[in-house]
Every structure is written in C-alpha cells, then in structure tokens.
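FYI, side chains are in, hydrogens and waters are out, and symmetry mates aren't considered; it's all heavy atoms of this structure. All of these numbers come straight from a predicted model, not from anything done at the bench.
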Amino acid sequence: ALRRGARARLRGFAWQILKQRDLEWAPAGRRHCLSYSRAEQAVIEELCPAPSPTLPAAAVAAAAAPLSVAESLRKPAGQRICVRGFVVDVKAKEQVTSQDGQIRIVRQVWLADSLVQGSPRVRWMLWNAIAESHGRAKLQNMRVLARGVLVKEFNGRRELTGCWVERGVELEPADSSAGGEVHSGGMSAGERTQRGVRESAAK
C-alpha cells in the first residue's frame, strides 16, 4: 500500500517529532515521523492503488542521464539523479537505529570527479544490502555509475544518499583522462611501472 501516489489508511501509529540524532538520516526537510510501539496494532490499508507512471519521455531520459559530481551538487534537495564519479574514500560500515527501532547498516562513501586532489567531491550514504556488499575492497579508486541517488541537504551542504536496489551501482573501467587509476600507496599505474624499471636497473 505504501507506494507513491497510492491512497492509504494507517491505524495504530503515533505522530512524533524527530529527535536530533535522527535528523542526519532523515530526508531533507523532514521533521516528523509516524511510529508504532506494537506491531500487531499497526495496520496499513490501501484505499486506492497508485496510478500508472506517465512521465514524459524527455523527463525519463533526463533522470537517467549521468551527472558529474560538480553537477550533482547544484541539483535541488529531494531530486533523484544518476551520477558518475570516482570513489576516493570508503568508510567502514556502521549500525544505526531508525526511529521505529530497526537496525540499519550505513556506509559513507566519498565521490569525486577525478582522483586528482582538489577535485569536487560529495558524501554518498549507502544503506543496508548495498552498504554491506560495497566496501573498500570493491569501491576504492573505482569509477562508479550510481542510479536513483537522492540529493539531500544537511547542515547547509549538499550530499547524496541511497540508490536503486537493482542496478543501482555499476563499476566502470577507469579512464586515464578523468584522473587515472590509482593503486595502493598513492601511485598511479605509470608511477608503479617506472619504479619497477628503476628497481630492476639497480639490481
């Protein structure tokens, strides 16, 4: 019943103001929530199903067109976008408790337009199964294409959160023109090759 555009009746829920610790994970502008204390009393009844999507072809194409990190930072909060960038930092996954008491997995990832220091970058929050399966070993220094990402504003700064569950994150081959491939130790592939030649000559 909880589908965009559907009409539903909810029973057994309480209207609450979000606590400060929950605001960081809430959608932009969200200040209240509905919660329940007993699952057997919480009822969601669909009164009218959601209408079939009728988005114009141009709007669908625009939503699917990949944006750079710099472009994503100029999009309004609340908009879903497709963004392409390099992963420059991957944090360890964490457990957080949602307002309804459920444990959720979250991971902070930083995207940039290139691997060059000083390139525009943005924080991207991954959740649950995506956060579990996309760690440092998989993402670090990779170029990714992320679909269905939500633009948020937190403490006056733009950030990105989530993605589609299916085909939401795709790894792409590194493009040297966009910053080059960086390996461990901060060296590019070319620097590693040159170092190997020097070491061989010294032996």
Side-chain angles (χ1 to χ4, degrees), residues 4 24-25 27-28 53 55 57-96 98 103-154 157-196:
R4 184 181 296 272
E24 181 174 355
W25 316 110
L55 287 177
V60 175
L67 302 175
S68 67
V69 170
E71 290 171 332
S72 71
L73 291 171
R74 295 193 292 268
K75 291 299 179 180
Q79 182 171 337
R80 291 275 181 185
I81 63 171
C82 178
V83 61
R84 174 181 281 124
F86 286 87
V87 177
V88 295
D89 194 16
V90 182
K91 302 297 185 183
K93 64 183 180 182
E94 301 177 49
Q95 286 190 348
V96 296
S98 62
I103 302 297
R104 304 181 69 188
I105 304 299
V106 63
R107 187 190 300 274
Q108 293 186 41
V109 174
W110 285 88
L111 291 179
D113 279 330
S114 80
L115 296 174
V116 178
Q117 189 173 7
S119 178
R121 54 188 286 172
V122 65
R123 185 172 73 163
W124 176 31
M125 307 300 291
L126 303 183
W127 296 91
N128 299 325
I130 299 295
E132 289 271 15
S133 60
H134 290 74
R136 177 178 292 271
K138 188 171 187 177
L139 292 180
Q140 186 69 43
N141 296 331
M142 296 295 294
R143 188 172 70 171
V144 300
L145 176 64
R147 299 184 176 89
V149 178
L150 180 65
V151 180
K152 287 185 59 177
E153 183 171 342
F154 179 68
R157 301 181 63 178
R158 289 286 191 276
E159 65 177 33
L160 307 177
T161 184
C163 63
W164 301 138
V165 175
E166 297 184 6
R167 299 183 67 241
V169 181
E170 290 189 12
L171 305 184
E172 298 185 329
D175 182 357
S176 59
S177 64
E181 184 180 1
V182 171
H183 300 270
S184 60
M187 294 185 295
S188 67
E191 291 170 335
R192 286 166 61 90
T193 301
Q194 292 175 5
R195 177 179 175 179

Handout entry: Closest non-hydrogen atom pair, F86 against N141
Key = CD2-O, 4.2 Å
Completion exercise
In this structure, CZ of R143 is separated from CG of D113 (nearest 0.5 Å) by 11.0 Å
Handout entry: Set of side-chain hydrogen bond (donor to acceptor under 3.5 Å, both in side chains) partners for D89, sequence neighbours left out
Key = K91, R136
Exercise for the section: Apply side-chain hydrogen bond (donor to acceptor under 3.5 Å, both in side chains) to R158 and list each qualifying residue two or more places apart in sequence or on a separate chain. Expected result: E153
Practice task
Mark yes or no for whether W124, through its side chain, and G162, through its backbone, hold a donor-acceptor pair below 3.5 Å.
Solution key: yes
Completion exercise
Smallest heavy-atom separation, L171 atom then K138 atom, equals CD1-O, 3.8 Å
Problem - Reported SG-to-NE2 distance for the pair C163 and H134, which is rounded to 0.5 angstrom - result: 7.5 Å
Problem - Backbone N/O of L115 and side chain of S119: donor-acceptor pair under 3.5 Å - result: no
Completion exercise
OG1 of T161 to NZ of K152, rounded to nearest 0.5 Å, is 5.5 Å
Problem - Backbone of A112 reached by a side-chain donor or acceptor of R121 within 3.5 Å - result: no
Exercise for the section: Would you check if C82 and L145 make a side-chain contact, meaning some heavy-atom pair closer than 4.5 Å? Expected result: yes
Exercise for the section: Provide the closest heavy-atom pair for L139 versus V87 in the form atom of the first, atom of the second, distance. Expected result: O-CB, 3.2 Å
Practice task
Dump the intermediate steps for side-chain contact (heavy atoms from CB on, under 4.5 Å) on I81 and L160, then the final yes or no.
Solution key: CA-CA 9 Å; I81 63 171; L160 307 177; 4.1 Å; yes
Pairs of donor and acceptor atoms involving the side chains of residues 69-78, under 3.5 Å and at least two apart or interchain, shall be tabulated with distances.
from: E71; atom 1: OE1; to: S68; atom 2: N; distance (Å): 2.8
from: E71; atom 1: OE1; to: S68; atom 2: OG; distance (Å): 3.4
from: S72; atom 1: OG; to: V69; atom 2: O; distance (Å): 2.7

Practice task
Nearest 0.5 Å please: distance from the CD atom of E159 over to the CG atom of L111.
Solution key: 12.0 Å
Practice task
Before accepting this row, confirm whether a basic side-chain N of the pair E170/R147 lies closer than 4.0 Å to the acidic partner's carboxylate O.
Solution key: yes
Handout entry: side-chain hydrogen bond (donor to acceptor under 3.5 Å, both in side chains) partners for R84, two or more places apart
Key = E172
Fill in the blank from the handout: Sequence neighbours excluded, the answer for side chain to side chain contact (heavy atoms under 4.5 Å, CB included) partners of Q95 is I103, I105
Problem - Validation row: Q108, E94 side chains within 4.5 angstrom (heavy atoms) - result: yes
Handout entry: Sequence-distant partners of V96, side chain to side chain contact (heavy atoms under 4.5 Å, CB included), two or more places apart
Key = W25, R104, V106, W127
